[in-house]
Structure formats: C-alpha cells, structure tokens
Amino acid sequence: MILQSLAGLPAFLVYFCTAILCVVVYLFVYTRITPHDEFKLIRDNDPAAAIALGLSLLGFTLPVVSAIAHSANVVDCLVWSLVALVVQVVVYYVIKIPVPNLSAKIAAGEMAPAIWLGLSSLAAGALNAASMIY
C-alpha cells in the first residue's frame, strides 16, 4: 500500500525540483531588473520591499502551479514558467508608468507603491495562471 502511494514520488521530485529551480531563476532575474536591492532592504527590515517582492513571487508561482498541473511534460512546464517570468517583468515595467520613482519609493519604505506593485503582480499572475488552462 505504501509503495503504491510512493509510485508517484519520482514525478513529484522532478516537478518540485523544477519549480524550485524556476523560483530561484525568477528571484535572480527579478531582483536584477529592479533598481532597488530587495534582499538588502528586507534584511534591513523594510516591509515595503518584503511586500512587493513577496506578492510578486506569489504572482509568479501561481502560473507555475498551473503549468505543473496542466503541462504535458517538464519541458512544457518550463516553457510556461518562462512565460510567467516574462509576464512578471512586463508587469513591473507597466506598473512603474503611473508611479514615477517606484523603486526609490519602495526603497524608502513607502507602503502604497509596494502594495500597488505587489498586488498588480499577483493579479497578473492569477490571470496568467487561469489563461494557461486552455
């Protein structure tokens, strides 16, 4: 009985490790395109940076979850995860348009711009995830 339950373990490990790799790549890319240093700000107890990055990460992982659930194979999952990364980068640049100096405001600890960026990233991620179903 237990062996039957564990029959899916190899596939689980492949997809889980793929997802972790995608998250690491996402964080590497995303934190390089933003002018502010999210991890330094978070280490310095800046909640604005934590909110913006954390919600952005959720906005990225939602489509990755959808890709895992609906992809034909791991390569398909990776392709759709790349699409999710591109969407999040585009969202960052679009969200900057109505909020000049977005990164500087987040680095200064201003919460409203951080919430705006984070929730916009989350909304885009949810739409992205839903769109991957078909």
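Numbers here simply count residues along the sequence, with the first being 1.
You'll find the side chain of I68 stays beyond 4.5 Å of the side chain of F16, heavy atoms only. Residues F39 and L53 form a side-chain contact, since some pair of their non-hydrogen atoms from C-beta on lies under 4.5 Å apart. Looking only at side-chain heavy atoms (C-beta outward), V64 and V23 stay at 4.5 Å or farther from each other. Contact check for Y92 versus L102: side-chain heavy atoms found under the 4.5 Å cut-off.
Linking ILVMFWY side-chain heavy atoms closer than 4.5 Å, directly or via other members, places V83 and V74 in a single hydrophobic cluster. I33 and L27 end up in the same hydrophobic cluster when Ile, Leu, Val, Met, Phe, Trp and Tyr side chains are linked at under 4.5 Å. V99 and I51 are members of different hydrophobic clusters when ILVMFWY side chains are connected at heavy-atom separations under 4.5 Å. By the rule that hydrophobic residues join a cluster once side-chain heavy atoms approach within less than 4.5 Å of another member, L55 and L85 end up as members of separate clusters. Both L57 and L21 are part of a single hydrophobic cluster, where members link through side-chain heavy atoms under 4.5 Å apart.
A donor-acceptor pair under 3.5 Å is absent between the side-chain atoms of Q88 and the main chain of Y30, judged by distance alone. Within the 3.5 Å criterion, the main-chain N or O of S56 finds no donor-acceptor partner in the side chain of S121.
Legend: residues meeting side-chain hydrogen bond (donor to acceptor under 3.5 Å, both in side chains) with D76, ordered by chain and number and at least two apart, are W80.
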Please table the atom pairs, donor to acceptor, closer than 3.5 Å between any side-chain atom in residues 106-120 and protein atoms at least two apart or in another chain.
from	atom 1	to	atom 2	distance (Å)
W116	NE1	I95	O	3.4
S120	OG	W116	O	2.7

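Between D37 atom CG and D46 atom CG the span is 11.0 Å, to the nearest 0.5 Å. Taking CD from E38 and CZ from R32, the interatomic distance works out to 9.5 Å, rounded to the nearest 0.5 Å. Rounded to the nearest 0.5 angstrom, L41 CG and T31 OG1 are separated by 11.5 Å.
Taking the six-membered ring where the residue is Trp, F60 and Y26 present parallel rings, their angle staying beneath 30° rather than reaching 60°.
Across every non-hydrogen atom of S131 and L127, the tightest pair is OG-O, 2.8 Å. Residue M132 comes nearest to A84 through the heavy atom pair CE-CB, 4.4 Å, listed as atom of the first residue, atom of the second, then distance. Smallest separation of non-hydrogen atoms from S103 and H36: OG-ND1, 2.9 Å.
Atom CG of L3 has 12 or fewer neighbouring heavy atoms from other residues, nucleotides or ligands inside a 6.0 Å radius.
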